[in-house]
Amino acid sequence: MSSEVAARRDAKKLVRSPSGLRMVPEHRAYGSPFGLEEPPWVPDKECPRCMQCDTKFDFLTRKHHCRRCGKCFCDKCCGQKVALRRMCFVDPVRQCAGCAPVSRREADFYDRQLKLLLSGATFLVTFGNSEKPGTMVCRLSSSQRFLLLDGDGDDHREVEVARIAAVQMLTEGLPPGDSLSHTSRPAAEGGNARATGMTLQYTTPGAEGLTQLTLTAGEDAEGSRRQATAWLAAMHKAAKLLHESRDQ
Ligand SMILES: [Zn+2]
Ligand SMILES: [Zn+2]
């Protein structure tokens with residue numbers, strides 16, 4: 001990809017929606033795979049009362065729409081302004097009591113874990129079942145759309161994040177490649193503390209079925225091992241967000 005094309009793909013524009021200012025990709029297809037669409041707002045005429053506390057709207061009690069779910073509330077039930085990066089809002093936006101905590105947890109992902117994913121970590125990487133593992137640095141691209149893997153010399157691979165079908169944590173005592181789930185659900189909660197690796201299954205354009213990739217945290221220097229473990233936990237969280245984006 002030429003740098004000019006890459007720059008065009010990363011280009012963003014400012015748009016104003018009824019909910020607020022959003023910084024979105026120039027081209028919809030180049031949006032973050034973790035993104036969520038803005039919900040349609042419940043029409044004013046369909047909600048004479050707050051959908052949480054049932055207070056009737058009038059001249060004094062004004063109605064407000066939650067930017068995350070699009071439902072209609074009074075100010076008391078929808079007064080929190082919280083960052084909503086998955087919908088590309090520039091500023092914190094009004095959200096209801098159900099949505100605000102979810103967005104706060106995601107803000108933690110954007111503030112801490114996304115940075116880990118972008119900075120990358122070193123793993124022993126196996127593609128499929130046959131190849132022998134090689135040491136590679138794995139990181140998320142700045143557009144969030146690709147996992148980039150770089151090994152010795154020219155060895156460079158990319159996995160499109162939107163094509164990842166399943167992610168499974170490998171924990172202590174579970175050798176890589178064992179007990180693979182073929183569902184599209186990410187692995188169950190827990191086990192992050194002892195995470196030793198991860199398998200990713202993804203589709204490849206033009207190829208049938210799923211390709212598998214195994215990342216194993218190396219046994220070398222303590223610092224890089226810790227970074228690899230943190231990266232795996234962040235990727236696990238990212239897989240959950242990815243799943244929600246698809247369910248939307
Ligand atoms: Zn209310
Ligand atoms: Zn809401």
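The first residue in the sequence is number 1, and the count goes up from there. Below, all heavy atoms of this structure are taken into account, side chains as well, without hydrogens, waters or symmetry copies. Counting starts at 1 for both ligands and their atoms, following the listed order. Note that the structure is predicted; figures quoted are calculated from it, not measured.
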> Hey, are the side chains of Pro39 and Arg68 touching, using non-hydrogen atoms and a 4.5 Å cut-off?
Replying inline: no

> At the Zn ion (ligand 1), what angle lies between atom SG of Cys50 and atom SG of Cys53, rounded to 10 degrees?
Replying inline: 110°

> Rounded to 10°, how big is the angle at the Zn ion (ligand 1) from Cys74 SG to Cys77 SG?
Replying inline: 100°

> Does Val82 reach the side chain of Arg67, with side-chain heavy atoms less than 4.5 Å apart?
Replying inline: no

> Among side-chain atoms of Thr204 and Thr211, is any donor-acceptor pair under 3.5 angstrom?
Replying inline: yes

> More than 12 foreign heavy atoms under 6.0 Å from NZ of Lys71: is that the case here?
Replying inline: no

> With the Zn ion (ligand 2) at the center, what angle do SG from Cys96 and SG from Cys69 span, rounded to 10 degrees?
Replying inline: 120°

> Which value, rounded to 10°, describes the SG(Cys99)-the Zn ion (ligand 2)-SG(Cys66) angle?
Replying inline: 110°

> What is the ring orientation for Phe109 with Phe34, classed by angle as parallel under 30°, tilted 30 to 60°, or perpendicular over 60°?
Replying inline: perpendicular

>> the Zn ion (ligand 1) and Cys78: any N/O/S contact shorter than 2.8 Å?
In response: no

